[in-house]
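From a predicted model like this one, the values you see are computed outputs, not experimental measurements.
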Number of protein chains: 2
Amino acid sequence: MKPPSRPYHHGNLRQELLRAAEAALEARGVQDLSLRELSRELGVSHASPQRHFATKQDLIDALAIMGFERLSSVVGKAAEARGQDFKARLTKAANAYVGFALKHPALFALMFEAKRRPGMRPELRTALMAAFSHVPKILQEGQEAGKIVAGDPHSLALTLGAALHGLVAMSIEGKIRGTSLKAVVPKTVQHVLTGLNTNKT
Amino acid sequence: MKPPSRPYHHGNLRQELLRAAEAALEARGVQDLSLRELSRELGVSHASPQRHFATKQDLIDALAIMGFERLSSVVGKAAEARGQDFKARLTKAANAYVGFALKHPALFALMFEAKRRPGMRPELRTALMAAFSHVPKILQEGQEAGKIVAGDPHSLALTLGAALHGLVAMSIEGKIRGTSLKAVVPKTVQHVLTGLNTNKT
DNA sequence: ACCTGAACACCGTTCAAGT
DNA sequence: ACCTGAACACCGTTCAAGT
């Protein structure tokens, strides 16, 4: 019956705030994110987030960082796929990317909004770069195996990135209902590879 | 010296609000759009916008509608280009699209955010459909001339739309600094046309 | 170190009232 | 028809104070 011995509060308020914020984000959108509302939901005072996130923007940045870390993990795993050939790994990575975006559309939008904003925080920059390091790495291996044109792998990856980004944008709006994404993603990869002068299939 | 005979105020407050809102949007972002601030700037009471825009979201929707109308006008003009061949017109339309997005990045983002939101207002839907009617029309003419595969022109246009959308996203972030957009857009058009099985150049 | 409670300056929205 | 002024319920942020 002793009051559940948290001295003032549960100690991991930071994590709880992030969790609650993500839920609220996907449920009601960034516009309606409210620190006071989150505080109410967690049963703490409205000033308590301040220690963990100096400003509302800091909470949002933290969500973006978390998102990029998850994206990196999910794409990285897909990209590893030992024993698979070049194109199969690229396709898996692309599927993982698109899958993440469709599963967390609001978080994904927030991440790219953060990406767009100038004056990025270092942690954000790091998380972002990690997430976008996998595809260039695969492309580089493709180059070394002579399966693809030479050139900066990062630039090449941008071409694929642009195509996938557009695909995601369209399908989030439900425009690609007819043909399933599972079918469209490999086509897009093949498509871009053709554009990159693949000289072997 | 008579007080400048506007009975209460200038009569076209609606237009002024839209104009001021667009400026504030590009200068400070959607997040920081404030009806009260706009009212102050125009020298009216903070309650006066209500007659013209029942809610802040209505102002934002009106901005989106205005944006799609302008986009439609600019792409439509590029797409007409009498006497030009199929691919040239497509390229011009693509350039106009990308040019608009880069010239008004915040408005463009707002437009696509509005596009994403469910329960679109009819005027928004109309403006949006008009803006996206030009490319399918060109593609259809390409089909009739036998220069491109059969299929729903709207679906085909989505492929081009996705590619351009991705391109815009990347270049707004300044990622395509190396190669100029002017060079990349025609390549993308050619690229997609190849994907659409162009059988004649 | 972490949280509270009161305070401050801002919002969007509503509404009776003025012209 | 269009605008005002006061009021209401909400914000984010700050800060002294509590544990």
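For the pair Ser45(B) and dG5(D), the criterion of a side-chain N or O lying under 4.0 Å from OP1 or OP2 is not met. Not one side-chain nitrogen or oxygen of Ser48(A) sits closer than 4.0 Å to the OP1 or OP2 atom of dC2(C).
Between Arg89(A) and Glu141(A) there is a salt bridge, with a side-chain nitrogen of the basic residue lying less than 4.0 Å from a carboxylate oxygen of the acidic one. Electrostatic pairing of Glu80(B) and Lys77(B) does not count as a salt bridge here, judged by no charged N lying under 4.0 Å from a carboxylate O.
We find that NE2 of His46(B) is positioned 9 Å from P of dG5(D), with the value rounded to whole Å. Taking atom CG of Leu42(A) as the reference point, atom P of dC3(C) lies 11 Å away to the nearest angstrom. Rounded to whole angstrom, the span from the CG atom of Asp58(B) across to the P atom of dT14(C) amounts to 11 Å. Between Lys56(A) atom NZ and dT13(D) atom C1' the separation is 12 Å, expressed in whole Å. Rounded to whole Å, atom C1' of dT14(C) lies 19 Å from atom CZ of Phe53(B). Note: CD (Gln50(A)) to P (dA6(C)) measures 17 Å, nearest angstrom. In this structure, Ile60(A) atom CD1 and dG12(D) atom P are separated by 10 Å, rounded to whole Å. Nucleotide dC2(C) holds its P atom 13 Å from the CD atom of Gln15(A), rounded to whole Å.
Pairing each heavy atom of Phe53(B) with each of Ala62(B), the nearest pair is CE2-CB, 3.7 Å. Taking both residues in full, the closest heavy atoms of Ile138(B) and Phe86(B) are given as O-CE1, 3.5 Å, listed atom of the first, atom of the second, then distance. Residues Leu156(A) and Gly151(A) share a closest heavy-atom pair of CD1-O, 4.0 Å.
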> Please walk me through it: do Asp61(A) and Arg117(A) pass salt bridge (charged side-chain N to carboxylate O under 4.0 Å, His left out)?
Replying inline: CA-CA 11 Å; Asp61(A) 282 351; Arg117(A) 229 179 7 250; 2.9 Å; yes
>> Could you go through His154(B) and Phe132(B), starting from their C-alpha distance and side-chain angles, then the distance that decides it, and tell me whether this counts as ring pair (Phe, Tyr, Trp, His ring centres under 6.0 Å)?
In response: CA-CA 9 Å; His154(B) 277 279; Phe132(B) 287 105; 9.6 Å; no
> Taking it one step at a time, do Phe108(A) and Lys103(A) satisfy side chain to side chain contact (heavy atoms under 4.5 Å, CB included)?
Replying inline: CA-CA 9 Å; Phe108(A) 187 78; Lys103(A) 197 169 176 185; over 6 Å; no
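Side chain of Arg40(B), nearest nucleotide from dC10(D), dC10(C), dC3(D): dC10(C).
Remark: the His52(A) side chain and the dA1(C) base include no donor-acceptor N/O pair separated by less than 3.5 Å.
Position along DNA chain D of the nearest nucleotide to Ala47(A) versus Glu37(A) favours Glu37(A) as the more 5'-ward residue.
Residues of residues 29-36 of chain A that place a heavy atom closer than 4.0 Å to DNA chain D, in numerical order, are Leu33(A), Ser34(A), Leu35(A), Arg36(A).
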>> Pairs counted only when both distances fall under 3.5 Å, Watson-Crick or G-U: show me the 5' to 3' dot-bracket for DNA chain C, [ ] for pseudoknotted crossings and | for other-strand partners.
In response: ||.|||||...|||||.||
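The list of side-chain hydrogen bond (donor to acceptor under 3.5 Å, both in side chains) pairs with a residue in residues 23-33 of chain A, not counting sequence neighbours, reads Arg28(A)-Glu37(A).
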